[in-house]
Number of protein chains: 2
Amino acid sequence: MGQQDLKRYKESVKEYMTDAVTNLQKYLSLQTVSAQSKAIPETVAYVVKQIEDINGETIVLDELGGNPVIYGYFAAGENGDSTKTLLFYNHYDVQPPEPLEEWDTEPFEPTIIDGKLFARGASDNKGDLMARLTAIKLLQNQDGGLPCNVKFLIEGEEEIGSPNLAPYLEKYQELFQADACIWEFGGKDEKERISMVAGIKGMAYLELTCVGADIDMHSSVGAYVDNAAWRLVQALATMKNEQNDILVEGFYDGIIEPTEEEKKVVSELPFNEEAVIDLYGLKRPLITKAKGIDPRTAMVFHPTMTICGLDSGYTGEGAKTVLPKIAKAKLDCRLVPGQDPNHILLSVKKHLEKHGFNDIEVQMINGQKAYRSNYNHPFIDHVLESAKEVYENDVILSPNAAGTGPMYIFGEHLKLPIVSTGVGWVGSKAHAPNESIRIKDFEDGIVHMAYMLNGFSSALETKVESTEVNH
Amino acid sequence: MGQQDLKRYKESVKEYMTDAVTNLQKYLSLQTVSAQSKAIPETVAYVVKQIEDINGETIVLDELGGNPVIYGYFAAGENGDSTKTLLFYNHYDVQPPEPLEEWDTEPFEPTIIDGKLFARGASDNKGDLMARLTAIKLLQNQDGGLPCNVKFLIEGEEEIGSPNLAPYLEKYQELFQADACIWEFGGKDEKERISMVAGIKGMAYLELTCVGADIDMHSSVGAYVDNAAWRLVQALATMKNEQNDILVEGFYDGIIEPTEEEKKVVSELPFNEEAVIDLYGLKRPLITKAKGIDPRTAMVFHPTMTICGLDSGYTGEGAKTVLPKIAKAKLDCRLVPGQDPNHILLSVKKHLEKHGFNDIEVQMINGQKAYRSNYNHPFIDHVLESAKEVYENDVILSPNAAGTGPMYIFGEHLKLPIVSTGVGWVGSKAHAPNESIRIKDFEDGIVHMAYMLNGFSSALETKVESTEVNH
C-alpha cells in the first residue's frame, strides 16, 4: 500500500464510473421499501446478479423468515492474503419516499442534476454497495485479484429495524466470520471531512394507539363522547415535558456512562450549530441550548424520544367535523449502550398505566440495542488513515453514530471491530425527500474502498492493542 | 288538513317512490365535496334541473363568491294561499368520504341494501332535498297545486361552514323572505321518534400548525433538534386537561344562560346512554359521567373543543424514522348562544402565546355563531303536530342541536321561526363511512312535508304568542 497504488486507483477509477453509475441508477429505480414490503424479490435478484457479474459467489438466505439476507463472497486473488477477510455490511431496502409532493424529481427515477444523483436510497444505502462492488471490480482488473477475502452481508430489513437478522447471524456465524467489518454508511460533513463512526445508537420504535370507538363520529357528540385524539395528546404530554425532559420512569435505567476518553473525543467532534440550523431550516434553537448541553454530547451519549408520526381523524384540506375513533403516534427512542429496548417498552407501558391511560396500547415495531466497537483497533486506524490519504482532508471518528443499525448483533456474534464509512455528503437528506449523493463522492468512495482493501492485511498485522468490544 | 288528506298522501306517495329514489341516486353519485372543491358545477346544474322539471323557477346566485347559492321558487296553486310562503334550507355539498377503506360500498355509488340507501350525503343532506321536491310534485299532482308559496335556498358550502352565505342573505333578503323556515336535517332516534331542533350550535373550527423546519429530518437528530409534533402535543395539552376541562382563558365568555324552560325541556329529552355507547362502540364511559353532568345538558348547552384531526410525519405502515418538519391539528369548537367564534380564535391565540407557543399558528377555517329560534311559535308547533300524525309516534323537539349550521344568518336577516326535520335515522352515520337513510323514512319524510305544507297557512293564522328570537 502506497502513494503509487493510490495514484493508480485514482486514475483507473474513471474507466469504471459510467458502468457504476448506470448500475446504481438501475438499482435505485427498484422501489425497495421494506416498510411497505415492496420490490423485494426483484431487488434481491438484482443484487445477486451484480455480485455474480464480477465473479462473486452468492447465497440467498431466507429460511429463517423476513426479507432474504444475501451472502456474497470474493476470494483473495493469487497474490492476495487468503488468511484475512473483510466483511461489508449493507442493506438493499430503503425508507418510504413519502411525502412524495416534496420531491423535485421522482424518488424512483434516479436523476443526475449538477453532479448529484437524486433518488430514494442513493445515500442510504444503495450507493455504498455499488461503490464497494466497483472497488472490487477495479482491484480484480487493475491488480489481478483481491488482496484479501471479501464477504458481504446485505439484508433487506434495515429500515424497519432488522427484526429478523439475529437468527441468521447466529446460524451462519461461520459463514459470515471475518477479521473486521465495514459498516453500511457514512459521508462528508459541511467541511468536506469524511465522518466515520465505530458504534451506533439502539432504538425502541413504538407505536401508541388509542381506540375510542368502533366508528368515526360527527364531532357534535364531543360534548359527551370521549376523544381518542385528546387521550393520546394528554398521554404523550405526560411522557415528555415542554423542556424536552423524558419523564418515563425507568427510561434511563442501565445506561453505561461513557469513558473519559470517549467524552473527550466527542467534545472535540466538529459541530457547526449554525450550519445545522441552516441545513434543516430550523425555526427554533437547538433543544440542547436551553439546557446548556453540548449538542455533540447529546448526539452521541443521550437517548431520545422523538415523535415520528401523529395520525388521527381528518387530515385533508379544509374542515371535516369528525370525532375520530382512533389516534396513533409513532415514537422513536434512540438508545445508548446499556439501555434495553424491551425495558423501554415495559417502562412506557407502566408509565401510561400509572397515569391512567390503560386504554392506550403500545407496540414495539423495532427494538435494537446500541453498540460501541473498540475504536483503538488497528483496523479502524487503517480505515481512518487510508481515508485521509484518499480524501486529502481530516477524518472525523465518533464513538457512535446518532443513528441506529443492527451493529449489536454483529458485535455479539462475530466479535470483530466495526467502523462505518460511506459515500454520503452533508446534504444527502437520508430519510427525507430529495435524497442524493454527489458523483464525485461516489468515485472517491470507490477509490477509498480499493485502497483500504489494498492495505487491509498488513494493517491487521499491527499489534492489536485490544480487541475487546464495549457494548 | 285532516286525516283524509294524510291517508291520500300515504297512498299516492308509492307512485312517486321509484322516480324519487332514482333521482336521489343520481344526485348522490355526484361527488360534491366542498372541502375539496369537487363536482360543484354539475351538482348545481342537477339541482336546478330537478326544480325546473317540476315547474319551479330558479336563480343561481354566485356573484358574491363561493359555491353558487340556488334560489328555487314554486308559487301557490289556484286554490292555495299565495300570501304565505315557506322557505326550505338545504345544501348540495357533502362531507369528504374519507376514510375510504372503511366503506362497505363505494361512497359515490349509491347502493340499496336491506331497505337502506348507502352513499355519502344520503342523510346529510341530499336525501332531504329530494324528499321535499317530491312532496311538492305530489301536491301539484294530487291537489292540483301547492297550498302556499314555497321557496328554497340550497347552498354549496355548508360542510365547510357556509363562509360566503351571509352576504347573499343580506343582499337577497327580499328574495328569500318567507313566513317560516324548515331547516336542512333531522331523523329518527333509537326509539323511532322523529327528533327536531329549533336551534343550532355555533362553531369555531381551528387549524393549529407548528412548523419546526424546512425539511423532514432523520430522527437521529432528535437529540438536539426541536420537534414540531412534540411542540403541538405540548401546546394542545395546555388547552384541555385529562378531565376534559377546556383551559383556554376567555373561551366561556359571553355565554347566554339557558332559560329555566329551556333547561326543563332539555332535561326531558330522551337520551339512552347505553344505546349511544352501543351505536358508536365506545370504549370509554361518556365524559359527562365523571363530571356528574347530564349528557343532554352537555349536548345542548355546553360548548366543546374536539380534535378532529392530527397529522405529522410518517403515518403509513411500519416504522419510518423521521423527525417531522410540521405538525397540524384540526380543532372543532362547538359554540352556544353568546359565544363569538372570532373571540374564540383570539382567546386560543392569546393562550398559546401566554404558554410560550408563539411558534404555533392558529387559523380559523370556519366560524359561525349559535342560534336558538323561538320554539313556542305556532309554525313549530304545526311541524311537530303534523309529524306526530304522519309518523304515529312521539316527536322530540330540542331548543338547539348539538350540530352546527348557518341558522344564525337566517335568523338575523329573515327574522322567521325555524325548525329542522329530515329523513335520517339513528344509524345514519352522517360525516362517517357507510352513511345511509332508510327508504321507508324517505317515503315518510315526503308524506310529512306534503302534509305539513297542506296545513301550513292555517297554522300561521293561529295567534302568534311571540315571534321574538333568542340568539
Side-chain angles (χ1 to χ4, degrees), chain A residues 35 95-96 160-161 205 211-220 222-224 226-227 229-230 233-234 236-237 240 242 280-284 286-288 295 298-299 302 304 306-323 332 334 359 365-366 402-403 430-432, chain B residues 35 95-96 160-161 205 211-220 222-224 226-227 229-230 233-234 236-237 240 242 280-284 286-288 295 298-299 302 304 306-323 332 334 359 365-366 402-403 430-432:
Chain A
Q95 280 279 311
I160 53 170
Y205 196 102
V211 177
D214 288 340
I215 56 170
D216 280 347
M217 293 154 277
H218 192 290
S219 66
S220 61
Y224 51 91
D226 212 347
N227 182 318
W230 272 120
V233 162
Q234 292 295 347
L236 286 170
K240 200 178 185 188
E242 293 174 32
Y280 300 132
L282 299 184
K283 308 306 169 201
R284 298 189 24 98
L286 298 187
I287 58 178
T288 40
M299 184 171 67
H302 292 183
T304 66
T306 298
I307 295 179
C308 297
L310 284 178
D311 189 21
S312 186
Y314 182 68
T315 56
E317 278 304 295
K320 185 182 175 188
T321 47
V322 65
L323 193 156
D332 169 25
R334 298 283 170 153
D359 52 325
I365 296 180
N366 176 354
H431 294 212
Chain B
Q95 280 279 310
I160 54 170
Y205 196 102
V211 177
D214 288 341
I215 57 169
D216 281 346
M217 293 154 277
H218 192 289
S219 66
S220 62
Y224 50 91
D226 212 347
N227 182 318
W230 271 120
V233 161
Q234 292 295 348
L236 286 170
K240 201 177 184 188
E242 292 173 32
Y280 300 132
L282 299 184
K283 308 306 169 201
R284 297 190 22 100
L286 299 187
I287 57 178
T288 40
M299 183 171 69
H302 291 183
T304 67
T306 298
I307 295 179
C308 298
L310 285 178
D311 190 20
S312 186
Y314 182 69
T315 57
E317 279 302 296
K320 185 182 175 188
T321 47
V322 65
L323 194 156
D332 168 24
R334 299 282 170 152
D359 53 325
I365 296 181
N366 176 355
H431 293 211

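No experiment lies behind these values; they were computed from the predicted model shown. Numbers restart at 1 for each chain; the letters A, B, ... are given by sequence-line order, proteins then strands. Side chains are part of it too, since the values below use all heavy atoms of this structure and drop only hydrogens, waters and symmetry mates.
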- Under 4.5 Å from any heavy atom of chain B - which part of Tyr205(A):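 For Tyr205(A), the contact with chain B is made by the side chain alone.
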- Item | Region of Ile215(A) that comes under 4.5 Å of a non-hydrogen atom in chain B |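 Both backbone and side chain of Ile215(A) come within 4.5 Å of chain B.
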Among [options], single out the residue with the greatest number of heavy-atom pairs under 4.5 Å to chain B.
{"options": "Ser312(A), Ala298(A), Gly309(A), Ala237(A)", "value": "Ser312(A)"}
{"options": "Gln95(A), Met299(A), Arg284(A)", "value": "Arg284(A)"}
{"options": "Leu286(A), Leu310(A), Ile365(A), Leu236(A)", "value": "Leu310(A)"}
{"options": "Asp216(A), Asp226(A), Thr304(A)", "value": "Asp226(A)"}
{"options": "Gly318(A), Gly313(A), Ala213(A)", "value": "Ala213(A)"}
{"options": "Thr288(A), Asp311(A), Leu323(A), Ile307(A)", "value": "Ile307(A)"}

- Message: Main chain of Ala430(A), side chain of His218(B): is a donor-acceptor contact present, judged purely on distance under 3.5 Å?
- Response: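 It does not hold such a pair.
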- Could you tell me whether the side chain of His302(A) and the main chain of Ala223(B) form a donor-acceptor pair under 3.5 Å?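 Looks like no, no N/O pair under 3.5 Å.
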- Side chains of Arg334(A) and Ser219(B): is there a donor and an acceptor less than 3.5 Å apart?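 Arg334(A) vs Ser219(B): donor-acceptor pair found between side chains.
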- Task: State, with a plain yes or no, whether a side-chain heavy atom of Met217(A) is found less than 4.5 Å away from one of Leu282(B).
- Result: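 Sidechains of Leu282(B) and Met217(A): in contact.
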- Query: So, do Thr315(A) and Thr315(B) sit near enough that their side-chain heavy atoms are less than 4.5 Å apart?
  - Reply: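 With C-beta onward as the side chain, the pair stays apart.
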Identify which of [options] forms the greatest number of heavy-atom pairs closer than 4.5 Å to chain A.
{"options": "Ala319(B), Gly403(B), Gly316(B), Ala229(B)", "answer": "Ala319(B)"}
{"options": "Pro295(B), Gly222(B), Gly161(B), Gly281(B)", "answer": "Gly281(B)"}
{"options": "Asp359(B), Asn366(B), Ile160(B)", "answer": "Asp359(B)"}

- Would you please test Asp332(A) and Lys320(B) for salt bridge (charged side-chain N to carboxylate O under 4.0 Å, His left out) and show each step? CA-CA 9 Å; Asp332(A) 169 25; Lys320(B) 185 182 175 188; over 6 Å; no
- At their closest point, which heavy atom of Ala402(A) faces which heavy atom of Ser220(B), and how far apart are they?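 Minimum heavy-atom separation between Ala402(A) and Ser220(B): O-CB, 3.2 Å.
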- Where is the tightest heavy-atom contact between Tyr314(A) and Ala35(B), given as atom of each residue plus distance?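 Closest approach of Tyr314(A) to Ala35(B), heavy atoms only: OH-CB, 4.2 Å.
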- Approximate separation, where rounding is to 0.5 Å, of Tyr224(B) OH and Ile287(A) CD1: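 If I round to the nearest 0.5 Å, the distance is 10.5 Å.
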